[in-house]
Asker: 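Shown below is the structure under consideration.
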Protein chains: 2
Amino acid sequence: MLFHFRTKFPQLNAYWERYLEFQKRLDIPAKTTLLEEGKKSLNYIFIERGCVRSFFNNNGEDKTVQFFFENEGLASFDSFVNDVPSQFTIETIEPSIVYLLPKKYVTQLMEELSAEPDFLKMILQIAAQRQTHYINEFVSFIRDTPEQRYEKLLKDRPHIVQRVPQHYIAAYLGVSTVHLSRIKSKLAKGKDHF
Amino acid sequence: MLFHFRTKFPQLNAYWERYLEFQKRLDIPAKTTLLEEGKKSLNYIFIERGCVRSFFNNNGEDKTVQFFFENEGLASFDSFVNDVPSQFTIETIEPSIVYLLPKKYVTQLMEELSAEPDFLKMILQIAAQRQTHYINEFVSFIRDTPEQRYEKLLKDRPHIVQRVPQHYIAAYLGVSTVHLSRIKSKLAKGKDHF
DNA sequence: TCAGATCGATAACATATGTTATCAAGTTTA
DNA sequence: TAAACTTGATAACATATGTTATCGATCTGA
């Protein structure tokens, strides 16, 4: 959320910068856990370098739900705001450099921001956009085949396909690793005709 | 959103009531369109009696994404807030009585509400909960089979199964009508063992 | 640098799901 | 009230997808 504020409303950057000093820098290897499923979210996470995923455990199996990359920020929003346990684990995919801003300062920063004129409008705008994002993820399952979802991913967010191991992507698309492999080889054959 | 405010924060009811007079009451038959895909959302809709669905058109086929019932309010949130065309059509399933509150008054009401202490917290709470709802819809496709999704629907929101025609539910679950019929008959057989 | 993990492709088979067609029982409407 | 539409079940067949197993290519840590 903070990430979206800063990128969409640059006039808020001054607020943000006053909190830089409270951030803790972490230089961590791949597969490092930043937040564990079932625990409360205590930090806003900003990614300077690397990438992370959020996933949950389903009968012993990882099910990846989302990917984040450089210059993106995240928190388990519901856990953070409503103080409930996180549904998801957050862990690095690549060796990464991340910054953590403790919840206490985020709350304080939000209070400050609320003094800004039109802050309500900005909140609503961003909340609506985030909501639309998740609705679209969900609609995509109703509307598209796994193959179409993969093609859209390739087109709209190619960096995911390039940097994320395939079995994470398979779970995110809702198919088995074997089937994602089949989809790829089918699409590759299609292109051979040229 | 307004609906959630009122039910979760009853101290805001007084604000709401001042706007009752601006609502237009509609007594309409089934299959009446309240908002058309591609047009901008102009009203907040409150359902007194009946039920409605939101859906989109995909190559000539209806794809239902959500259902709403008595005492629920809705608007195409993104369309409403960000003033973009709605992705979805909203139409009645049963003969219904609904109230429409024009956007102008909603905006005004939100402005008023923002004077209320802790309004920011309320907004964030509700936005987080709505977001969680849609994330869960999406996660359900990653985690569950269509059969499991149907069973959860039956358990968590049985009124949907009771009142909504099956082909709308099939689309919502992401399966063909034929397959939903198979799922139902399979589950019925399972229960015969008692 | 080597042994074990990770990652991805593929085959063979089983199961799940879609498509099309048909039938029957309501509902709605002219 | 008859005709047209809506709703839902089912069969037969085609296709999509999951599961398990195997192989090879990297990658990674002691």
Side-chain angles (χ1 to χ4, degrees), chain A residues 28-32 50-51 53 55 58-64 67 91-96 140-151 153-154 160-192, chain B residues 28-32 50-51 53 55 58-64 67 91-96 140-151 153-154 160-192:
Chain A
I28 49 183
K31 302 205 185 197
T32 305
C51 64
R53 68 186 180 116
F55 66 95
N58 186 233
N59 296 69
E61 265 192 331
D62 267 4
K63 295 284 186 176
T64 298
F67 306 102
E91 111 181 351
T92 52
I93 294 175
E94 302 175 352
S96 303
S140 167
F141 278 92
I142 290 175
R143 184 187 46 214
D144 304 323
T145 64
E147 185 174 329
Q148 290 170 323
R149 283 207 300 288
Y150 179 72
E151 284 184 293
L153 193 69
L154 208 51
I160 292 184
V161 181
Q162 284 154 18
R163 290 171 62 180
V164 173
Q166 201 163 306
H167 56 288
Y168 296 157
I169 296 178
Y172 166 75
L173 293 175
V175 299
S176 67
T177 57
V178 175
H179 193 60
L180 177 51
S181 206
R182 277 195 284 243
I183 288 171
K184 284 179 71 172
S185 87
K186 184 180 164 195
L187 293 177
K189 271 181 202 160
K191 289 194 175 166
D192 272 357
Chain B
I28 48 183
K31 303 204 183 199
T32 306
C51 64
R53 69 186 179 117
F55 66 94
N58 186 231
N59 297 72
E61 265 193 330
D62 266 5
K63 296 283 186 177
T64 297
F67 306 102
E91 115 181 348
T92 53
I93 294 174
E94 302 174 352
S96 304
S140 168
F141 279 93
I142 289 174
R143 185 186 47 214
D144 305 322
T145 64
E147 186 175 327
Q148 290 170 325
R149 282 206 301 287
Y150 179 72
E151 284 185 294
L153 193 70
L154 208 49
I160 292 183
V161 180
Q162 285 154 17
R163 291 171 61 179
V164 173
Q166 199 161 308
H167 56 287
Y168 297 158
I169 296 177
Y172 167 74
L173 293 174
V175 299
S176 67
T177 57
V178 175
H179 193 60
L180 177 52
S181 207
R182 278 195 284 242
I183 287 172
K184 285 179 71 171
S185 87
K186 184 181 164 194
L187 293 177
K189 272 180 201 161
K191 289 195 176 167
D192 272 357

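Predicted, not measured: the structure shown is a model, and the values here were computed from it. The chains referred to below are lettered A, B, ... by the order of the sequence lines, with proteins before strands, and numbering in each begins at 1.
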Asker: State plainly whether the residues A/Lys31 and A/Glu91 are in salt-bridge range, i.e. N to O under 4.0 Å.
Answerer: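 So A/Lys31 does not pair with A/Glu91 through a salt bridge.
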Asker: Using a 4.5 Å cut-off on heavy atoms from C-beta on, say whether the side chain of A/His167 contacts that of A/Asp62.
Answerer: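 Counting from C-beta outward, A/Asp62 and A/His167 never come under 4.5 Å.
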Asker: Quick check on the 6.0 Å ring-centre criterion: do B/Phe67 and B/Tyr168 meet it?
Answerer: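 Centroid separation for B/Phe67 and B/Tyr168: 6.0 Å or greater.
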Asker: Measure CD1/A/Ile183 against P/C/dT10 and give the value in whole Å, please.
Answerer: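 In whole Å, C/dT10 P lies 14 Å from A/Ile183 CD1.
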Asker: Can you give me the closest heavy-atom contact between B/Val164 and B/Ile93, atom names plus distance?
Answerer: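 That closest heavy-atom pairing would be CG2-CD1, 4.1 Å.
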Asker: To the nearest Å, how far apart are A/Glu147 CD and D/dG18 P?
Answerer: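 Computing the A/Glu147:CD to D/dG18:P distance gives 13 Å.
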Asker: To the closest 0.5 Å, what do you measure between CZ (A/Phe141) and CZ (B/Arg149)?
Answerer: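 One finds 8.5 Å between CZ of A/Phe141 and CZ of B/Arg149.
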Asker: What is the distance from CD1 of A/Ile93 to C1' of D/dC27, rounded to the nearest Å?
Answerer: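 My rounded result for the distance is 16 Å.
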Asker: Is any side-chain N or O of B/Lys184 closer than 4.0 Å to OP1 or OP2 of D/dA9?
Answerer: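 So the side-chain polar atoms of B/Lys184 do come within 4.0 Å of the phosphate oxygens OP1 or OP2 of D/dA9, strictly under.
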Asker: Considering only D/dA9, C/dT17, D/dT7, which nucleotide approaches the side chain of B/Lys31 most closely?
Answerer: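 Between D/dA9, C/dT17, D/dT7, the one nearest the side chain of B/Lys31 would be D/dT7.
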Asker: Restricting to nitrogen or oxygen on both sides, can you table the protein-nucleotides 10-15 of chain D pairs closer than 3.5 Å?
Answerer:
none

Asker: Using whole Å, what does the distance between atom C1' of nucleotide C/dT17 and atom CZ of B/Arg149 come to?
Answerer: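 B/Arg149 atom CZ is separated from C/dT17 atom C1' by 12 Å.
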Asker: At their closest point, which heavy atom of B/Lys63 faces which heavy atom of B/Ala171, and how far apart are they?
Answerer: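 Smallest heavy-atom distance, with atoms named: CA-CB, 4.1 Å.
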Asker: Taking the side chain of A/His167 as heavy atoms from C-beta outward, which of C/dG8, D/dG18, D/dT7 is closest to it?
Answerer: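 For the A/His167 side chain, the nearest candidate turns out to be C/dG8.
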Asker: What is the distance, rounded to the nearest whole Å, between atom CZ of B/Phe141 and atom C1' of D/dT17?
Answerer: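 The answer, rounded to whole Å, is 16 Å.
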Asker: Could you check which of D/dG8, C/dT6, C/dG8 has an atom nearest any side-chain atom of B/Pro165?
Answerer: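 That would be D/dG8.
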Asker: Could you give the CG-to-C1' distance, from A/Leu180 to D/dA16, as a whole number of Å?
Answerer: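 It is 14 Å, rounded to the nearest whole Å.
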Asker: Can you see if the side chain of A/Gln166 gets near the phosphate of C/dT6 - specifically, an N or O under 4.0 Å from OP1 or OP2?
Answerer: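 Answer is no, no contact under 4.0 Å.
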Asker: Measure from CG on A/Asp144 to P on D/dA16 and round the result to the nearest Å.
Answerer: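 Distance, rounded to whole Å: 15 Å.
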Asker: Taking all non-hydrogen atoms of both residues into account, name the closest pair between A/Val175 and A/Pro146 and its distance.
Answerer: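 Distance-wise, the nearest heavy atoms are CG1-CB, 3.4 Å.
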Asker: Expressed as a whole number of angstroms, how long is the span from B/Glu61:CD to C/dG18:P?
Answerer: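 It is 11 Å, rounded to the nearest whole Å.
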